[in-house]
Amino acid sequence: MNIALQTPPVSAKENPSSVGPEEGTPPNEFTKDVIAGLTAPQKTLPCKYLYDEAGSRIFEQICELEDYYLTRTEAEIFSSHLPDIAKELGTGVTLIEPGAGNCEKAEPLLAIMESPEAYIPIDISPEILLGARARFEASQPELLVRPVIGDFTQMDRWGDEEPGNRQVVFFPGSTIGNFTHQQAQNLLQHFAAQMAPGDGLLLGVDLVKDSVVLERAYHDDRHVTEAFNKNLLRRINRELGADFDLDAFSHRAFYHPLRQRVEMHLVSLKDQQVRVADLSIPFLEGESIHTENSHKYTLESLASLLNKAGFQQKHYWTDTNNHYVICYAEIF
Ligand code: AVI
């Protein structure tokens, strides 16, 4: 099954092994996606490509920013409610984490869960997963850790589960927000197809809030998000031999209240032509490349998404400002 349309990051660390085109070789997926995106009426680039090695490092810096409240707030909710959350997940559970990255969010959760059966982190980066497994061997030697290397959006099965074990899918970080509503529903349905009634989903989601707070998070005054966005052009220059002038584009991020999402764009500061993989792409002054959506949910729209995907919300935990929610749902 292939549920991926424009997939957001499959982990916090995108596959660094993708290479630029060589003469005579068929264009790779990156080349095809970039050309398709830049020749569309509204120019666009899939946000998963923001996460090359440099992009992943910049994203880590974003997570440390005062303005970017998401990571900090999710961590606060976890630390305030960890025993409660662990109790809700139950005993003897296999915890599966798609796009686990370095697994650091699962570690304290697994440490407090009652007799977890196993932990299955899924990521495209073997190095990160093996490093995380070594850490678990030291800190939680009794826990069975079975890393799965691959793109979870493309996976039919995430392991050879013993029938009867309860599974809980752990999907923190508001990554679900980078999918359109339809893609998010497809993804959750894809998870559900590998689960049984009573299995759970622990999801971290950013909530609709004051647009000033939202826009500051994606247009921080230290310009780290700008660097993150523009790094995509640097990557296209490097990997596809393009000639984007980074100073001729500006970073734009705004909240779209009807679509309930923050959109990230790169706006051309002048009329210009950019050479990308043998094509000359025209830009008008003010024309933008849409590089990312970050959807925000209300508690109601989240419950509705979960329902459409076959889950029923059981419990949720928010911060005192109601900026962010961690939600536990089960397959019905
Ligand atoms: C990974 N994802 C949840 C981040 C977000 O907030 O949508 C990506 C990001 N883009 C700009 N800043 C952070």
Side-chain angles (χ1 to χ4, degrees), residues 6-15 44-75 77-78 97-102 104-105 123-125 128 151-153 170-181 183-184 187-188 202-209 211 213-233 235 250-256 259-267 288-297 302 305 319 323-327:
Q6 258 202 16
T7 49
V10 292
S11 88
K13 192 166 164 58
E14 176 67 10
N15 187 354
T44 177
L45 290 167
C47 65
K48 65 176 177 176
Y49 294 123
L50 289 162
Y51 300 85
D52 63 352
E53 243 179 280
S56 301
R57 267 200 311 274
I58 303 173
F59 179 63
E60 280 173 19
Q61 292 168 20
I62 289 177
C63 294
E64 306 278 310
L65 291 171
E66 184 63 31
D67 288 340
Y68 192 73
Y69 60 85
L70 286 83
T71 314
R72 188 180 59 248
T73 310
E74 185 182 71
I77 301 172
F78 268 121
E97 187 176 3
N102 61 16
E104 69 184 9
K105 291 181 184 173
D123 203 278
I124 53 168
S125 167
I128 292 198
D151 174 351
F152 67 84
T153 64
F170 181 42
F171 202 50
S174 202
T175 305
I176 196 77
N178 296 129
F179 294 80
T180 64
H181 289 145
Q183 289 168 348
L187 180 69
L188 297 183
L202 188 64
L203 194 63
V205 182
D206 196 22
L207 293 172
V208 168
K209 62 185 64 64
S211 61
V213 177
L214 283 167
E215 288 180 357
R216 214 186 304 124
Y218 293 83
H219 210 140
D220 63 277
D221 55 13
R222 297 177 65 187
H223 305 280
V224 183
T225 314
E226 175 180 347
F228 178 62
N229 202 6
K230 284 193 174 183
N231 179 61
L232 187 48
L233 301 184
R235 177 177 186 179
S250 68
H251 167 69
R252 180 161 183 244
F254 61 90
Y255 182 61
H256 194 307
R259 296 188 179 144
Q260 298 195 321
R261 69 189 193 197
V262 175
E263 292 191 9
M264 225 166 56
H265 291 252
L266 288 161
V267 183
S288 81
I289 312 172
H290 186 176
T291 50
E292 187 189 63
N293 289 317
S294 193
H295 291 87
K296 309 302 167 190
Y297 284 83
L302 176 59
L305 169 70
D319 55 298
H323 277 181
Y324 197 93
V325 65
I326 292 171
C327 155

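Just so you know, ligand 1 is whichever comes first in the structure, and atom 1 is the first atom listed for that ligand. What you see below is based on every heavy atom in this structure, not just the backbone, and it leaves out hydrogens, waters and symmetry mates.
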List for me each residue that meets salt bridge (charged side-chain N to carboxylate O under 4.0 Å, His left out) alongside Glu74, sequence neighbours excluded, and say none if there are none.
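Lys105.
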Give the intermediate values and the outcome of ring pair (Phe, Tyr, Trp, His ring centres under 6.0 Å) for residues His219 and Tyr255.
CA-CA 11 Å; His219 210 140; Tyr255 182 61; over 10 Å; no
Can you check whether Tyr68 and Phe228 have ring centres sitting under 6.0 Å from each other?
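For Tyr68 and Phe228, the ring centres are not under 6.0 Å apart.
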Which of the numbered atoms in ligand 1 are under 4.0 angstrom from any heavy atom belonging to [X]?
| X | value |
| --- | --- |
| Gly173 | 3 (C) |
| Tyr68 | 4 (C), 5 (C), 6 (O), 12 (N), 13 (C) |
| Phe228 | 10 (N), 11 (C) |

Listed by chain and number, what are the side chain to side chain contact (heavy atoms under 4.5 Å, CB included) partners of His290, not counting sequence neighbours?
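His290 satisfies side chain to side chain contact (heavy atoms under 4.5 Å, CB included) with Gln42, Thr44, Arg261, Glu263, His265, Asn293 once adjacent residues are dropped.
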More than 12 heavy atoms from other groups under 6.0 Å of CZ on Arg252
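It does not: Arg252 CZ has 12 such atoms or fewer within range.
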Can you find an N/O atom of [X] closer than 3.5 Å to an N/O atom of ligand 1?
| X | value |
| --- | --- |
| Ser294 | yes |
| Ser174 | no |
| Lys296 | no |

Heavy atom of Gly177, distance to ligand 1 below 4.0 Å:
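Gly177 does not count as a contact of ligand 1 under the 4.0 Å cut-off.
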When you look at Thr73 and Asp319, which way does the side-chain hydrogen bond (donor to acceptor under 3.5 Å, both in side chains) test go after all the steps?
CA-CA 7 Å; Thr73 310; Asp319 55 298; 5.1 Å; no
Checking contacts here: is it the side chain or the backbone of Asn178 that comes within 4.0 Å of ligand 1, counting heavy atoms only? Could be both or neither.
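The answer is the side chain.
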